[in-house]
Structures are given as structure tokens and as C-alpha cells.
Amino acid sequence: MLSQKHLLGLENLQKSDIELLLETAESFKEIIDRDVKKVPTLRGKAIVNLFYEPSTRTRTSFELAGKYLSADTINFTSSASSVRKGETLKDTAKTIEMMGVDAVIIRHSSSGAASYLSRHVTASVINAGDGTHEHPTQALLDMFTVKEKKGTLSGLKVAIFGDILHSRVARSNIFGFTKMGSEVFVAGPSTLMPPDIEQMGAKPVKTIEEAVRDADVVIALRIQLERQQKGLFPTIREYSKFFGLNEDKLALAKSDAILLHPGPVNRGIELTSEVIDGSQSVINQQVKNGVAVRMAVLYHLIGGSRE
Amino acid sequence: MKKLLKGAKVLDPSQNLDGMRDILVVDGRIAEIKENIEISGAEVIDLSNYIITPGLIDIHAHFREPGYEYKEDIESGSMSAAAGGFTAVACMPNTKPPIDNSALIEYVKFRASQVGKAKVLPIGCVTKGQEGKEITEMGDMARAGAVAFSDDGKPVASSSLMRKAMVYAAMFDKVVIDHCEDPSLFEGGQMNEGRVSTLLGLAGIPAASEEIMVARDILLAKAMKVPIHIAHISTKGSVELIRKAKSEGVRVTCEVTPHHLTLTEEAVIGYDTNAKVNPPLRTQEDVDALLEGLKDGTIDAIATDHAPHHIDEKDLEFDQAAFGLVGLETALGVILTNVVGKNGISLNTAIQKMTIGPAKVLGLEMGTLKVGASADITVIDINREWIVDKDRFFSKGRNTPFHGLKLKGKAVMTIVDGNVTYSEIE
């Protein structure tokens, strides 16, 4: 069991918890390749996906993770629910809880929404992305993927580049990788760099080249194109020129460096198709590992009796 | 009607008075103030071991009436004021409808007189409907009793309009109070921009959002030789701008809240919406600068910015919760416990900023115990230890970041025009 009832973020997750989750994910991964993808571990448990933001891959990943473990999973998405009628998150959560769910997986546009929910329900709350705060299972699957390829999570140079300011993936990865003993360098347009980022343990650098040079791990972030309209960078063209990763820039990293991206990718903007589909890319493996990591999270949060 | 307040130490910064005095109140006014008054036919109130100060004045509060009575109304707000030791409260006009004409000024005054627990000093809008387009009938409102003008919460973005408003208000000897905030820099902000906003992934409100407008207002006041009052300053930069302007003779005054003097952005960690306030809680460096500004006279008044909200507007995801916190019932305790004694700030200074300080900003004959003044009096037990309990507030608002805080010092009796409006004394 984890030392906590909820998974709200990696900031407050202990290193031993991260290790436990990654080890468990390793043993679950094999289930995904089976002909009959089902183990009875969470039989009789109910899980709800409470998604207030559109998401295909994260929601599907959680849903399959639950199903492979024999839990009953249902989806509650904002467009199809009473959210539009103005029901509050608290009331929606309480309603769902009264139906007897064991875990609530929440994706929400407000930073802190998962933490808020955890104060109002007795079920375990799993943060599937809250605003620009954290996305812990994404970071766990990134770490799992890196560990699988590199054999370790300590002593690595990790480069994260793109829209750091608005990225919950970046925050969770900074917390996660630094906790496990790696160095995290961040780069992005200065207008998309949050203040005092170094106090989170990351090392801000001015150029993507500087971040990527000699890196073991390169994590690209998705740039939301509407940021351009808000005046945070002048054109997609210039963004791509300075902060897009191509083969030349990736060549600055160690020769065995791996490239990750949380998806969905803007092809030709933050990454060129050559690097997305190149030999160093582990983007597709990330997706598979995501299911395994989420199985591990569900198992450790609701799989046993909590004393 | 005679009341004799006996045995207390009287602290009245308006007349540099700090000593044992008896006070005789006749017909709602201070009739005599000296050592050992003996007189027959007066109701004697024994206040031994207490401190008497002029009635506390809050230059910045929201009583929400008309329109938002579910948050607060003039009755609950007045009771909250009395319980906190306040005898007069200047109320912001961002009600529904906004207080932008003399009829509404008179309505507020009428309601306050019905309740009779505190003097409610209405502030009128700077622009019609708080829309930032056309200035209001300030002359008419001033005549009806408006004490100042402000578009608090919806600051006047146009510098040209602000300049006209300041000049026009000055014609009636009234000051414009500006909530300084550059809307384009504020946009979507949730808390102070800095380490904690980065950590929590909340959109930041930069210090410059406030300081740009403070600088603008100072420049306008300087050029037009008219006064401006800056509401609730929160940053070191604002203190420095105002200090410099004052030294150059610009007619700028300002206020600070107890929460900005005692809390930092750290209070938001855990997404506590009770710490969501505008301007946001800043850093320790800002707190230190505000304390220094209070001590050296840069800051003229301590204001609560009492902003009650319903629980449904606060028990929400952080970015959907309302800004603001209640302060009338905690202000004095917080100041006595966590400000007096810090950075060499004396009790006298603190009381000055809560009495004659705000009275002077508004140009009101208040905040003093001089003979002839209205008998607005606050009695303080400086040694009373108490714990803030939001569920016992007279205010309808429960939104306080101070719940559970242990404080020392409390108002135990409040007197308005010679009438006791609140008392914990047997």
C-alpha cells in the first residue's frame, strides 16, 4: 500500500512510494500483452472517471487499466453530464460517491481541483491533471519508461522544453525526477517560463540546445496553439524555429538519449516528424506504459484494505 | 443622559494623550476628559484595567447592501463592526445596483440609522454603474453624505477619466480612493506571482499590476495638485512610490490591511480559498516593507477591506472562488497581537492608524476624544486572550484565514454617540 490515500501529485509523494508504484507497474505490464487481458485483482471495485476536460488518451488509459484489473469503470464527462446545468464539483462528487465508488479519477481545468475533491469525498482521489498544477500519472509513466530504457532514474540529465508555465506534466516531472536523483533542465520561451522555477529544483536555461546537450532524456511538451493568440510568442513559425526539436538539436543529446512527449503531438511544431518517428523516440511505448502505471496506481490505492 | 467612564487608561493619538483619565459623556458627546471626574447623576461605567481609545474607523469595508444581502447586510455588517470595536465604517459602493447616485447614498444612511450599531459612511462610485465610462453626480452624492468616491473592485482603467474624477471630486473636498490594478496585467490572476504560484500552478498577479497604477495615480495627483487615496497597498514597490511622492509633497494617502501586514503567499498553499484575496497576499519582503511604511508614516490608515462572501462562493475550486476575506472582527486582535511590537510599531501608532489616521484621509471630524467630539469610543482589554472562531462571527461571512488563530487583545465595549453598541463587560 502507498503511504497516502490519494494520488494528488508527486510533490508530496515519497520516493519509496514512487519506487513501489514503478515496480508494481513492471509486473502489471505483462498483462497488457496477454491474450486474455484480465486479472481479478480489483473485482467488485468501482471507479469513476470524472473528466471535466476533453481527453482521449488519459481517460482511455485509466479506463482500460481499471478493466484489466476487473474493476467496474464508468465515465462521467462534462459534456454529457449535469455539469452544464451548473452543478458544483462538490455536489457532483458527492452524488457519485453515494453510488458507492472506490476511486474518483479527476481531470479538471482548475489547479487544485483534485486536492479540493479529496477534502469532500471519502473515496480515493486520483489526479489525472488539474489545471496547470500536476499530472502525476503522466510523470510516473514517463519515469517508468525512462527506467525501462536506462535502468535507473538517478544521475540522469533530463531536459524538458516548451510551455513550462502552463504545463502540469512539467511540474510533475520536475518533482518526480529530482526526487529520484536526476537533474532536470527546463527551456522554453521566456514568456512561458514560470517565476522562481529553480526553487522547485529545476535548472532553467535559455535555449533548447543548452537543455538538450548531453541529456539522457528529452521530454517535449505540447504547445497549445492558442498561446500564440494571447501574445506569448509571435508566430508558430518562430516558436518552432527556436523551441522545436529536430534531428540536429536532438543530436546534441547523448547518442543513446530517448525522446518522450505526453501527446498528442503537434507534428512539425514542437517536434519534427523525423524525431517523432525516429529511433530515439519512445512516444508509443509511453502509451502502453501508461496503462501499466495506472494499473499500479489503482491497485495500490484501492486494492487492499487500508488500516 | 450622562455617562461617566471611570478608571481606564486613555490613548488618543489625536491629542497625544496617553494616561489615566475619566471621560464624561453628555448627550452623546465628550463633555469632559480629565483625571478623577466626580459628578452625580451619571451612569458610571467602571473601566479599570482597560484602555479607552477613540472609536475605531474602518475606511474600507463591504456591507453588500443593496443586492448581495446573502453575503452581508447593513445590520450584520454593523454588528460585526461593533463587535470588532469599530464605530464608523466606510462602505464601498460595489453593490447591486452600485451606489452611484444620491438616492442610494441616502438609502444606505437610512438603513444604517435604523440599525444604529455603527456609523456607516457611504462611498459613492466614481463612474456610473462602475462602468468606467462617465463620472457620477459626485456633488449630489457628497451633499447626501458620500465621504469619498471609488470604483473599488473595478478600478478606473482610463487615465484620462481618472484625472477628471480626481479633479472633480476635489471640487467638493472629497478624495477618490483607487484600488490600484492594471487590468491587463491582472488578467486571470489568482494569487501573487512568484514561487508559490509556480508551485501550485496558479496564474500569478504581478506586483507591477498594482505599482503601475499607484505610479499613475501619484503622477495625476501631482500634476493636478489634488488628493488621491490608494486602497490596500500590498507591495514593497507601492510603499516606496508613495514614500517618495509624500516627500515631494504630493497629496497621496494610503491604507494597508491586517492580512497584508501579517500573512504571505504561503497561506495559499493547500489551495485555501480563504487566503484568496485581491490584492493577493505577497512575500515576506513586502510584509516587512509594509510594516516599515506603517511605522514611518508612509501608510496613513489600517483598513480591513472586510469582504464577506457566502460559503458557496468560497467552497469551490480555487480559480472559481471569490476574492476577499472578512476582517472587522479580527482586525484589532490581529494588529495588537501580530503588528504592535514588530519593527518598533507602537500601540499608539497602531491606534492612530485606526482612528485619526483614516478620519484625516476622509477629512472627517472623527477619531478623537477631544471635548465636543461625538462620543465614539472603543474600550480594549489589551490582555484578553482569545481564539478566532469564524462560527461566532456577527458577520454573515465565514471567510477568514485567521480561524483558530490565538490572539491577545480585544475590543470589549464599543460606544457610538454615547450609546453602547457592543459590550462584553458585566
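We name chains A, B, ... by the order of the sequence lines, and we start the count at 1 in each one.
Both tests do not hold together for A/Lys90 against A/Tyr116: distance to the six-membered ring centre under 6.0 Å, angle to the ring axis within 45°. Relative to the six-membered ring of B/Tyr70, B/Lys396 misses at least one condition, a distance below 6.0 Å or an angle of at most 45° to the axis. Taking the ring axis of B/Phe393 as reference, the NZ or CZ atom of B/Lys390 does not stay both within 45° of it and closer than 6.0 Å to the ring centre.
With a threshold of 4.5 angstrom between heavy atoms, A/Glu134 does not approach chain B through any atom at all. In this structure, the portions of B/Asp315 lying under 4.5 Å from any heavy atom of chain A include both its backbone and its side chain. Contact annotation for A/Ser167: neither backbone nor side-chain heavy atoms come within less than 4.5 Å of a heavy atom of chain B. Residue A/His166: no heavy atom, backbone or side chain, is found under 4.5 Å from chain B. If you measure heavy-atom distances from B/Gln190 to chain A, you find no contacts under 4.5 Å at all. For A/Arg168, no part sits under 4.5 Å from any heavy atom of chain B, backbone or side chain.
Taking chain A as the reference chain and counting heavy-atom pairs below 4.5 Å, the highest number among B/Leu200, B/Thr198, B/Val196 is found for B/Thr198. Among B/Thr273, B/Asp312, B/Leu202, the residue making the largest number of heavy-atom pairs under 4.5 Å with chain A is B/Leu202.
Residues B/His232 and B/His60 place their aromatic rings such that the two centres sit under 6.0 Å apart. Residues B/Tyr68 and B/His309 place their aromatic rings such that the two centres sit no closer than 6.0 Å.
Taking the six-membered ring where the residue is Trp, B/His306 and B/Phe63 present perpendicular rings, their angle passing 60° and hence far from 30°.
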